[in-house]
Amino acid sequence: MVPVRNEAVEETELPGGLVRLAYPLAVKPWFGRLADKVGLWDGRPMTKRVELDEMGTFVWRHIDGRNTVRRIADAFASAYEVQPREAELAVTAFIKTIGQRGMIGLK
Amino acid sequence: MVDFAWNGIGLAAPLGWEPSAIERDGLLLADGAGPVCELKWNRVQGSFSFDKHLKRLTKGNRSAEVRAVGPDEVPSDWAGALDRLAESGLRARSFLWRAGENRGLGAALHHPGTGLACLIQFFIRSAADEAPAARVMATLRDHTAGKILPWTMFGLAARVPADFALDTFSFRPGHYRMTFWRSASGGRSGRAPVGKGPGVRLDFERFAPASVLLKRTTLEAWCRDRLAHAPPTVLPVEGGPGLVSWCGEARTSLLRRALRRVVRTCGRAWTTDAGNAVLAVTATGTAPLAESAFNDICGSFTLVPEEAV
C-alpha cells in the first residue's frame with residue numbers, strides 16, 4: 001500500500017524542523033445543516049491544524065506517493081533504531097490516524 | 001534463530017516467527033502467513049496422565065480430528081527432537097490433528113521433576129514445515145526449576161529471581177513493560193498476584209527511541225515525569241547523563257513505621273549504547289529487596305539484537 005497526500009493539506013515548516021499541517025475538516029451533513037441554521041457556520045470549508053512531532057514529521061516527509069507503508073516503516077526503524085515490527089506498528093497506527101482525518105489516501 | 005524465554009519456558013524459533021499473542025502461560029507464534037506454533041503450559045502437582053490430557057484435547061476440539069501417535073508415526077526429525085527433550089527429563093507424547101485442509105503436529109509434555117505440563121502444537125501447511133517444527137521443538141526448555149528465571153521477549157532480556165511472579169505486561173510501540181510481584185512471605189502463590197499487601201513490585205521498562213525522548217530534557221527529569229514508579233520528588237537522584245539511580249523511602253509516616261509499612265523504592269534508568277533506548281528497573285514495596293539482588297537484576301536487563309541470538 002502506498003500512502004498519498006491529500007493535495008488540500010497545507011504544510012508549514014516550523015522552527016526545529018517540525019511541520020504543521022492544515023487540513024479541511026469533514027463536517028457531517030446533519031451537523032453542517034444544524035450549524036448553518038443557528039448561524040455558527042457560513043458554509044466555507046473548515047480547516048483544522050495539527051503539529052507533528054519529530055517522528056510524525058519523519059513519516060509525513062516520507063509520504064511522497066511512491067514509498068510504500070513497509071518502506072516507510074523500514075526507514076523509520078533504521079532512523080530510530082527501533083525493532084522492525086515495532087516500527088511497522090507505529091507507522092501503520094500513525095498512517096491510519098492521519099488517513100481517518102482525510103490527510104492522506106492509500107493507493 | 002531468535003530466543004524466547006517466557007514465564008519458565010524457553011525456545012528458539014526462526015527469525016520470521018514472531019509472538020502474535022502472549023499470555024501469562026501461553027505463546028502463539030506467527031509468521032507472515034499465519035500462526036505457526038502455539039504453546040500452553042502450567043505447573044501440575046502429583047501425577048500426570050498423557051491419555052487424560054489428550055482425551056480432553058480431543059473433546060475440546062470436536063471440529064478437528066485429534067489422535068495420539070507413537071514414535072513410528074511421526075517424522076524422524078520430530079522423533080529425534082523428542083528424544084533430545086527426554087534427555088533433559090521432559091516426557092512427551094505426540095499427537096496429530098486435522099481439520100479440513102489444515103493439519104498440525106504437536107506434543108503433550110511433562111517434567112516429573114518440576115511439574116511442568118506443556119502442550120505445544122505446530123501448524124503444518126506443507127511437508128516442508130515439519131523439519132523447522134522439529135528444530136524448534138528440540139530447543140524447548142523448562143526453566144521453572146531454577147532459582148533465577150530468564151526472560152527474553154521482543155529483543156529484551158532479563159534474569160529475575162524465581163520467587164517473583166509475573167504480574168502484568170504490555171508491549172506497545174515505544175514502551176515495553178513487565179511487572180513482577182513478590183509477597184513478603186516470598187513464596188510463589190498459585191493464584192495471580194494482585195500486588196496487595198506487603199511485598200515488592202519489580203518493574204522493567206523499555207522506552208524508545210531515546211534520542212527523541214531525551215531531546216529537550218535530562219534523563220533525571222524524564223524519569224521523574226514518565227516512569228511508572230518515578231522517584232519521589234524529595235528523593236535525590238544520583239548519576240549523570242547516561243545513568244541515574246535512586247534509593248530511599250517513597251512513603252513513610254509514624255504510623256507506617258509503627259506498622260512496618262514504610263514503602264521503599266530503588267530504581268535505575270540508563271540509556272543503551274546501541275539500540276537507542278532507555279531501560280529502567282524499579283523495585284517498590286514494603287518488603288525490602290537486597291541491594292545486591294537489585295544490582296544483579298539491573299545488570300541482567302539488556303537489549304538483545306535479534307540477529308545475534
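Letters go in sequence order (proteins before strands), and every chain restarts at 1.
Considering only heavy atoms from C-beta on, A:Q83 comes within 4.5 Å of B:Y176 through its side chain.
Summarising the local packing, CD of B:E238 is surrounded by 12 or fewer heavy atoms from other residues, nucleotides or ligands at distances under 6.0 Å. For CZ of B:R224, the number of neighbouring non-hydrogen atoms (other residues, nucleotides, ligands) closer than 6.0 Å is greater than 12. Under a cut-off of 6.0 angstrom, the local environment of CD in A:E10 is sparse, with at most 12 non-hydrogen atoms contributed by other residues, nucleotides or ligands. For A:R5, the CZ atom is densely surrounded, since the number of other residues' heavy atoms within 6.0 Å is greater than 12.
Expressed to the nearest 0.5 Å, how far OG1 of B:T272 lies from CD of A:E81 amounts to 7.5 Å. Atom CZ of A:R85 is separated from atom CZ of B:F154 by 8.0 Å, given to the nearest 0.5 angstrom.
Contact detail for A:L89 and B:P173: the closest heavy-atom pair is CB-CG, 3.6 Å. Shortest non-hydrogen contact noted between A:Y80 and B:S211 is CD2-OG, 4.3 Å. Nearest heavy atoms, A:E86 versus B:R172: OE2-O, 4.3 Å.
Listed options B:A208, B:A210, B:G174 were ranked by heavy-atom pairs under 4.5 angstrom with chain A; first place goes to B:G174.
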